[in-house]
2 protein chains.
Amino acid sequence: MPISRSFTRLGLPLEAGLHEDGRRLTPQRRRVLDLFESHGSGIHLSAEEVHHQLVQSNSKVSLATIYRTLRLLVKMGFLHELELSEGGHRFELACHDQPDHHHLVCVRCGRTEEFESDQILQAGRFAAEKIGFKLVESTLNVRAICPSCQ
Amino acid sequence: MPISRSFTRLGLPLEAGLHEDGRRLTPQRRRVLDLFESHGSGIHLSAEEVHHQLVQSNSKVSLATIYRTLRLLVKMGFLHELELSEGGHRFELACHDQPDHHHLVCVRCGRTEEFESDQILQAGRFAAEKIGFKLVESTLNVRAICPSCQ
DNA sequence: GTGCGTGCAAAATCTTTGCATACGC
DNA sequence: GCGTATGCAAAGATTTTGCACGCAC
């Protein structure tokens, strides 16, 4: 009976990436990334929420470490920092299957949906190159009203 | 010799809009909006920067009032709150000539350029309507590297 | 064993709020 | 004059930092 590898898929890159810089894989760092992975790519969490959820599941991590870890994981490319002003900064798992995805936010209830669009990616790239910029990534934030709030 | 009306163009809507809600046009509110108007539509300011610039020009306004005024002007539609994580929230003049414009930010030096794109607007609207959302506004944030940083 | 990472608490930021006074209407 | 807006200072919220200890390597 083969052991599932789905959960170790991202495990190795984390450890390897850390060791490249002389950094260490600590249980705290592992737990933070695990939390995002267990939720999947659609979830947006604030530092406070990450802390709360980890404490709930009996993982002892201090809030200061959460902040340090989130910044680290963003710099390493495992997480993205969102710019939605949902009240404080929020983070989501960086999913390399869909590198440039966009957010639809209901301005009344805050419900958030994600979508992708090659057309938007191309339009962003075109605008960037027109003035000599090299595109890194782009996200469209669409403020809208969801069906139940209309 | 005719008196220029360019600076009163937006002056009346502010006063009228305030009076509609039983609010008042105070020198402080006028000065905050004037500051944004004098810079034009391409400038992004934080609350702290607005305060600093007004104090520099000998206008006495407290920081608390800046915060209250910025929120008010956003709610009234005179300013937009930006979601660029340039470090703290930032605001820009809402220019109705270009309601949905986008931002190119150099990830290395922070240089910011603006652009418009009907294509992006349409793609955002399409994505919204596909799941029953009604588009309010959309902005694409493009993270890129500018020519001098490449 | 070395030195990076953590927890804790304090500090630094950023933003909001309560209340007495000032002033637009 | 009525009631909103302001200034001030204090409180709240969020994020960062210093330092001694612990643990990954």
Side-chain angles (χ1 to χ4, degrees), chain A residues 11-35 44-55 57-76 78-79 81-91, chain B residues 11-35 44-55 57-76 78-79 81-91:
Chain A
L12 278 177
L14 174 60
E15 186 163 15
L18 286 168
H19 288 182
E20 262 176 34
D21 294 331
R23 294 168 182 281
R24 292 162 191 181
L25 177 59
T26 61
Q28 289 86 340
R29 288 173 176 174
R30 184 69 264 166
R31 276 183 214 129
V32 171
L33 188 49
D34 277 349
L35 178 66
H44 305 156
L45 299 172
S46 67
E48 191 68 56
E49 286 168 351
V50 170
H51 182 237
H52 191 248
Q53 293 201 23
L54 289 181
V55 168
S57 56
N58 288 329
S59 304
K60 257 204 155 235
V61 191
S62 77
L63 187 54
T65 295
I66 302 287
Y67 277 106
R68 286 185 280 229
T69 301
L70 289 174
R71 257 192 306 170
L72 177 67
L73 291 176
V74 167
K75 208 169 65 182
M76 293 180 67
F78 287 98
L79 298 181
E81 189 167 355
L82 296 181
E83 299 158 348
L84 295 173
S85 358
E86 297 179 50
H89 292 171
R90 288 182 128 77
F91 301 84
Chain B
L12 277 177
L14 174 60
E15 185 163 16
L18 286 167
H19 288 182
E20 263 177 33
D21 295 329
R23 297 171 180 277
R24 291 162 192 180
L25 177 58
T26 62
Q28 289 87 339
R29 288 171 177 175
R30 185 68 264 165
R31 277 183 214 128
V32 171
L33 188 50
D34 277 349
L35 178 66
H44 305 157
L45 299 172
S46 67
E48 191 67 56
E49 286 168 352
V50 170
H51 183 237
H52 191 248
Q53 294 201 21
L54 289 180
V55 169
S57 57
N58 287 329
S59 303
K60 258 206 154 228
V61 192
S62 76
L63 187 54
T65 295
I66 302 286
Y67 276 106
R68 286 185 280 229
T69 301
L70 289 174
R71 256 192 307 171
L72 178 67
L73 292 176
V74 167
K75 208 169 66 182
M76 292 180 69
F78 287 98
L79 298 181
E81 190 166 355
L82 296 181
E83 298 158 346
L84 296 172
S85 2
E86 297 179 50
H89 292 171
R90 287 184 127 77
F91 301 83

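So you know, we letter chains A, B, ... as the sequences are listed, proteins then strands, and number each from 1. Just so you know, these numbers come straight off a predicted model, no measurement behind them.
- Enclosure of atom NE2 in His52(B) is not indicated, since only 12 or fewer non-hydrogen atoms of other residues, nucleotides or ligands lie within 6.0 angstrom.
- In this structure, CD of Glu20(B) is placed 14 Å from P of dC25(C), rounded to the nearest angstrom.
- Judged by distance alone, the side chain of Glu20(B) and the main-chain N or O of Gly17(B) form no donor-acceptor pair under 3.5 Å.
- Listed by residue number, the members of residues 65-72 of chain A with any heavy atom below 4.0 angstrom from DNA chain C are Thr65(A), Arg68(A).
- In this structure, His51(A) contributes its side chain and Ser62(A) its backbone to no donor-acceptor pair below 3.5 Å.
- In this structure, the helix from dG1(C)-dC25(D) to dC25(C)-dG1(D) shows an angle of 40° between the axis at its start and the axis at its end, each fitted on 5 base pairs and rounded to 10°.
- Taking atom CG of Leu14(A) as the reference point, atom P of dC25(D) lies 10 Å away to the nearest angstrom.
- Glu49(B) places a side-chain N or O within 3.5 Å of a backbone atom of Ser46(B) that can act as its donor or acceptor partner.
- From Leu25(B), atom CG reaches atom NE2 of His19(B) across 6.0 Å, with rounding to the nearest 0.5 Å.
- Note: NZ (Lys75(A)) to P (dG5(C)) measures 10 Å, nearest angstrom.
- A salt bridge is absent between Arg71(A) and Glu81(A); no separation between the charged side-chain nitrogens and carboxylate oxygens falls under 4.0 Å.
- Summarising the geometry, the separation between CD on Glu49(A) and P on dA13(D) is reported as 15 Å, rounded to the nearest angstrom.
- If you take CZ of Arg31(B) and P of dT6(D), they are 10 Å apart, rounded to a whole angstrom.
- Looking at which nucleotide of DNA chain C each of Leu63(B) and Pro27(B) is closest to, the 5′-most match is held by Leu63(B).
- Taking only distance into account, the side chain of Arg24(A) meets the base of dC4(C) through a donor-acceptor pair shorter than 3.5 Å.
- We find that Glu15(B) and Arg30(B) are not joined by a salt bridge, their nearest charged nitrogen and carboxylate oxygen being 4.0 Å or further apart.
- Residue His19(B) places at least one side-chain N or O closer than 4.0 Å to OP1 or OP2 of dC25(C).
- Remark: the backbone N or O of Thr65(B) is paired with a side-chain donor or acceptor of Thr69(B) at under 3.5 angstrom.
- The residue among Ser62(B) and Arg23(A) whose nearest nucleotide of DNA chain D is located toward the 5' end is Ser62(B).
- At whole-Å resolution of the value, CZ in Arg30(A) and C1' in dG5(C) are 16 Å apart.
- Contact annotation: Thr26(A) side-chain N/O to dT6(C) OP1/OP2 distance is under 4.0 Å.
- For the pair Leu18(A) CG and dC23(D) C1', the interatomic distance rounds to 15 Å; values are reported in whole Å.
- Regarding contacts with the backbone of dC23(D), every side-chain N or O of Gln28(A) stays at 4.0 angstrom or more from both OP1 and OP2.
- For the pair His52(B) NE2 and dT13(C) P, the computed distance is 15 Å after rounding to whole Å.
- Distance CG/Leu45(B) to CZ/Arg90(B): 7.0 Å, rounded to 0.5 Å.
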